[in-house]
Amino acid sequence: MSATTVRPPRSSTCSSRPASAWAFTVDCRPLAIPAFRRMWAASVICAVGGSFSVVAVPTQLFTVTGSSAAVGAAAGVSFAALVAAAVWSGVLADRMDRRTMLLAAHLGLALTYAALWLQAILGGRSVPVLLVAVAFQGLTYGTVLTTTGATVPRLVPAGLLPAANSLSSLVRYGGSVLGPMLAGVLVPVVGLGTLYLFDAVALLAVVWAVAMLPPLPPPTTGTGTGTGTGTGTGTGTGTGTEESAAGTEGGGRGTSAARRTLAGFRYLAADRLLVAVLAVDLAAMVFGMPSALFPELARHVFGGTAGGGAQTGLLYAAYPAGVFAAGLLSGTFTRARRHGALVAVAAVAWGITVVLVGLAPELWIALAALMLGGAVNFVLSTFRTTIVQAHTGDAVRGRVQGALTVVLVGGPQIANVLHGSAGAALQDVTGPLHDAASALSGPRIVICAGGLLTVVTVTAIAWAIPDLRRYIAPAPAPTLTRAPAPVLGPMAGPASPVVPADRVNPASASRARAGRG
């Protein structure tokens, strides 16, 4: 293959330097990479057309059983399966071709939805069958989340990871709003069974996009010599220690799945920066995610009807609306390099907005605070994911991404339990005081306390672990004029990227190779 000149995209929207007001809107530079562009476009389809089961599964369970306990049991089954899949698939992602794993996971998810469609049209009313399907859904979706997180750094240069992650979050949060809304409209028109079929068909777009990826084999072990100059996916000074530290050396008992899993967690625990990032994110979610209290807040503080009424819906919608708005303005922050400081500042800002929600005397103030909180949480999630992806050697990236998936999924669940329990306990104490002093109501106290705990905890973490606030992403690689042909085989080390052929000169590569290595 002849040498290829690397050129930045020509679009003003996607330029590497802000040249106009458009540069501060969605940072679409990663879409110049055909492989990432295909996966992102497919995710747009799947985020809306592939999320109908979020409504269909609990609706069918409640229709069959007439009990919310069955819906809660299904959520528990899905959560347990997703956590198990995240840990296990993280190990496999460090040993297998990640494209193969993504294909298998997406096909498995599509087949699960097809099975749900089949049982629905056959009039199935078996709760055990539905719970088994929910378990398979959790297993495949957990594998998708973990493996995708480990794959993106193999497709996108380190300098574009913040933009790539913000694009992915924009689609995920947008789909989480539009998908259920559309599903609610379609249920009485087409029925639950058809929604499952829509999910299965939408996933075929992702299957196609994954099939078009180049092979993504695991890295070789113990040979890393990268220096992390920012030209690839790693940022560390990799010397092959990631492989040995995580127990990936060949032979012996170190190759067992259980030992590899434990070794991956030991590697994560030994890295102060990764520990700080995950601790900050967990604190922000566990202490500062008061969604379990929204119905009570709407009913007792903002005068909603029984169940909260329209006020409850607005409270639940405000946070994702803020996230989505921040995604539309991602160009304002994705070029920043002080990723660690941004994670800490965004988490503190989130805690402050939660306090404002708890103190808000009017509904519109609470909604504004939640939208602002969603915006700063978008910044937090973007740079949290970027640091984990870029700072981790590729040999252990799958297992670290599995741990991150557990935190992301488990944090809100723990928050719901803690906030719900604390709110109920305080409601018994402060309930009689509502008329005299609504500021003393249970949900207000719990929400404010959670926000303050977030601020204090994150500040303590940033002070105790200076690696976080001092972390600066490497400068983007300079434009190359005689780039060697990319290699799609195993990586040499954590800082030496496996670069798909279509990353170089995206315009010509898109026409000539369509993303294939």
Side-chain angles (χ1 to χ4, degrees), residues 6-33 35-37 39-41 43-44 47 148-149 151-174 228 230-235 273 277 280-281 284 320 322-347 349-350 372-392 404 468-469 471-479 497 503 506:
V6 178
R7 299 184 181 90
R10 297 182 181 276
S11 168
S12 61
T13 308
C14 305
S15 62
S16 59
R17 290 185 305 228
S20 68
W22 289 106
F24 297 102
T25 57
V26 180
D27 189 347
C28 64
R29 290 174 296 161
L31 298 182
I33 303 169
F36 180 82
R37 181 173 64 246
M39 286 194 66
W40 186 83
S43 72
V44 173
T148 300
T151 299
V152 170
R154 300 277 291 268
L155 304 177
V156 177
L160 294 183
L161 280 177
N165 289 320
S166 68
L167 283 169
S168 299
S169 295
L170 179 64
V171 170
R172 184 170 64 252
Y173 279 99
T231 59
T233 61
T235 59
L273 175 62
V277 169
V280 165
D281 196 64
V323 172
F324 191 75
L328 296 178
L329 299 173
S330 61
T332 59
F333 57 83
T334 49
R335 293 172 176 83
R337 293 178 55 202
R338 297 190 64 86
H339 295 178
L342 282 168
V343 165
V345 171
W350 163 243
L372 180 60
V376 297
N377 241 335
F378 186 91
V379 177
L380 168 61
S381 65
T382 294
F383 289 109
R384 171 252 294 148
T385 303
T386 298
I387 291 174
V388 172
Q389 290 175 336
H391 184 72
T392 305
L404 177 62
L468 175 64
R469 63 179 187 271
Y471 176 78
I472 300 177
T479 299
R503 181 192 296 174

Minimal non-hydrogen separation, Thr392 against Val388, with atom names: OG1-O, 2.5 Å

Any side-chain to backbone donor/acceptor pair from Ser330 onto Asp27? Under 3.5 Å, distance only. yes

The reported gap from CZ in Phe383 to OH in Tyr471 (rounded to nearest 0.5 angstrom) is 10.5 Å

Is Trp350 reaching over with its side chain to a backbone N or O of Ala284, donor-acceptor style, under 3.5 angstrom? yes

Using side chain to side chain contact (heavy atoms under 4.5 Å, CB included) as the criterion, list what pairs up with Phe324, not counting sequence neighbours. Leu170, Leu328

Where Val280 and Ala347 come nearest, the two heavy atoms and their spacing: CG1-CB, 3.5 Å

In chain order, what residues pass the side-chain hydrogen bond (donor to acceptor under 3.5 Å, both in side chains) check against Asn165, with sequence neighbours excluded? Thr386, Gln389

Shortest non-hydrogen separation from Arg384 to Ser381 and the atoms involved: NH2-CB, 3.4 Å

I need the Leu155 CG to Leu160 CG distance, nearest 0.5 Å. 12.0 Å

Heavy atoms only: give me the nearest Ala344-Leu468 pair and the separation to one decimal. CB-CD2, 4.2 Å

side-chain hydrogen bond (donor to acceptor under 3.5 Å, both in side chains) filter on Arg172, not counting sequence neighbours, yields Ser169

Partner set under side chain to side chain contact (heavy atoms under 4.5 Å, CB included) for Leu167, not counting sequence neighbours: Val26, Pro30, Leu31, Phe36, Trp40

Do Leu273 and Val277 have side chains that approach each other closer than 4.5 Å (heavy atoms only, starting at C-beta)? yes

Taking Arg338 for its side chain and Ile472 for its backbone only, find out whether a donor-acceptor pair lies under 3.5 Å. no

side-chain hydrogen bond (donor to acceptor under 3.5 Å, both in side chains) against Ser43, all qualifying residues, sequence neighbours excluded: none

Just by modelled atom types, is the Thr382 backbone N or O under 3.5 Å from a matching donor or acceptor in the Thr385 side chain? no

For Ser168, check side-chain hydrogen bond (donor to acceptor under 3.5 Å, both in side chains) against everything at least two apart and list the hits. none

Specify the closest pair of heavy atoms between Pro162 and Gly159, including all atoms of both residues, with the distance to one decimal. CD-O, 3.9 Å

Once rounded to the nearest 0.5 Å, what's the spacing between atom CG of Leu161 and atom NE2 of His339? 8.5 Å

Can you tell if the side chain of Arg29 reaches within under 4.5 Å of the side chain of Thr334, non-hydrogen atoms only? yes

Side chains of Val345 and Arg469 in contact at under 4.5 Å (non-hydrogen atoms): no

Val152 vs Met39 side-chain heavy atoms within contact, under 4.5 Å: no

Least distance between heavy atoms, Phe333 atom then Ala326 atom: CE2-O, 4.0 Å

